Amino acid sequence: MRIDVITLFPDMVRTVVEHGVVSRAANQGLLELKLWNPRDYTVDKHRTVDDRPYGGGPGMLMKVEPLRACIRDVRQHNPDAKLVYLSPQGKLLQQGLINQAAQQANLILLCGRYEGIDERLIQLEVDEEWSIGDYVISGGELAAMICIDAITRQLPGALGHEDSAQLDSFTNGLLDCPHYTRPEQVEGLKVPQVLLDGHHQQITDWRDKQALGRTWQRRPDLLQQLELDSRQQALLDEFIAETRASRSN
Ligand code: 4GY
């Protein structure tokens, strides 16, 4: 997959391919990241990339001409790609949207700075607007890096074992189960016995039950969107019964 990123801070975005899973994917040729800086498309002596908002008020906007020239150049090199603007006004990013994006060959991510970009550039140039959540950060770069990371780990071959993105939390619409490693005891807290016994079906049942139970406790909104099968419903019923029992003890 090829991802082009339009940003005033290319050095910041590049760091996403310098570590871990995303770095390995880039080195394997699964991900090709290209960075484009609107500042390289300025023509004035000061290389100006900001401009004042009509109507006044605090803050600046990204200057239209260099940004538009940059977008045009990217599109010329990558004509088939969808262009996504990252902003709090966008569609909330969820695993389904990430997985869909990972099926595409190309993507262009546009990072805003200052107070953002002229609305007419959104109308004319932007195909989709995505949000990473209901909070404001100082620029689109961190949002783009989150997108790149989340998309890359869904590319076939990006994770060590081919099925581990399948096992990720949210792939099944649920939160993850708890995990334990050595030592067997930490400050008197023990590893659940079932994980030590080596009965694989019991381990699977326990993990699924914990995932269902935690989702029920912490994110009931996620559970409501799911149709549980009879095994899952039975495991959740057990979890709820155990929770009530241990609360009344
Ligand atoms: N939330 N999801 C987000 C954001 C920063 C000024 C427009 C978000 O995606 N991006 O908060 N972005 C602003 C900064 C320009 C984007």
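All ligand and atom numbering here is 1-based and tracks the order in the structure. Just so it is clear, the structure is predicted and the values come from calculations on it, not from any experiment.
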Using side chain to side chain contact (heavy atoms under 4.5 Å, CB included) as the criterion, list what pairs up with Q28, not counting sequence neighbours.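 Scan of Q28 (side chain to side chain contact (heavy atoms under 4.5 Å, CB included), adjacent residues dropped) gives R24, L30.
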Do E242 and R244 sit within salt-bridge range, that is, some charged N less than 4.0 Å from a carboxylate O?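 Salt bridge: no.
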Look at D127 together with R75 and state whether they make a salt bridge at an N to O cut-off of under 4.0 Å.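 Looking at D127 and R75, the cut-off is met.
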Partner residues of R214 under the salt bridge (Lys or Arg N to Asp or Glu O under 4.0 Å) criterion, sequence neighbours left out: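 Salt bridge (Lys or Arg N to Asp or Glu O under 4.0 Å) check on R214 returns nothing, list empty.
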For D50, all residues meeting salt bridge (Lys or Arg N to Asp or Glu O under 4.0 Å), sequence neighbours excluded: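 Applying salt bridge (Lys or Arg N to Asp or Glu O under 4.0 Å) to D50 gives none.
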Using a cut-off of under 3.5 Å, which N/O atoms of ligand 1 pair up with protein N/O atoms, and what distance separates each pair?
from     : atom 1 : to   : atom 2 : distance (Å)
ligand 1 : 1 (N)  : G133 : O      : 3.1
ligand 1 : 1 (N)  : Y135 : O      : 2.9
ligand 1 : 2 (N)  : I132 : N      : 2.9
ligand 1 : 9 (O)  : S87  : N      : 3.4
ligand 1 : 10 (N) : S87  : N      : 3.4
ligand 1 : 11 (O) : I137 : N      : 3.1

Worked check of side chain to side chain contact (heavy atoms under 4.5 Å, CB included) between L121 and V126: CA-CA 7 Å; L121 285 185; V126 171; 5.9 Å; no
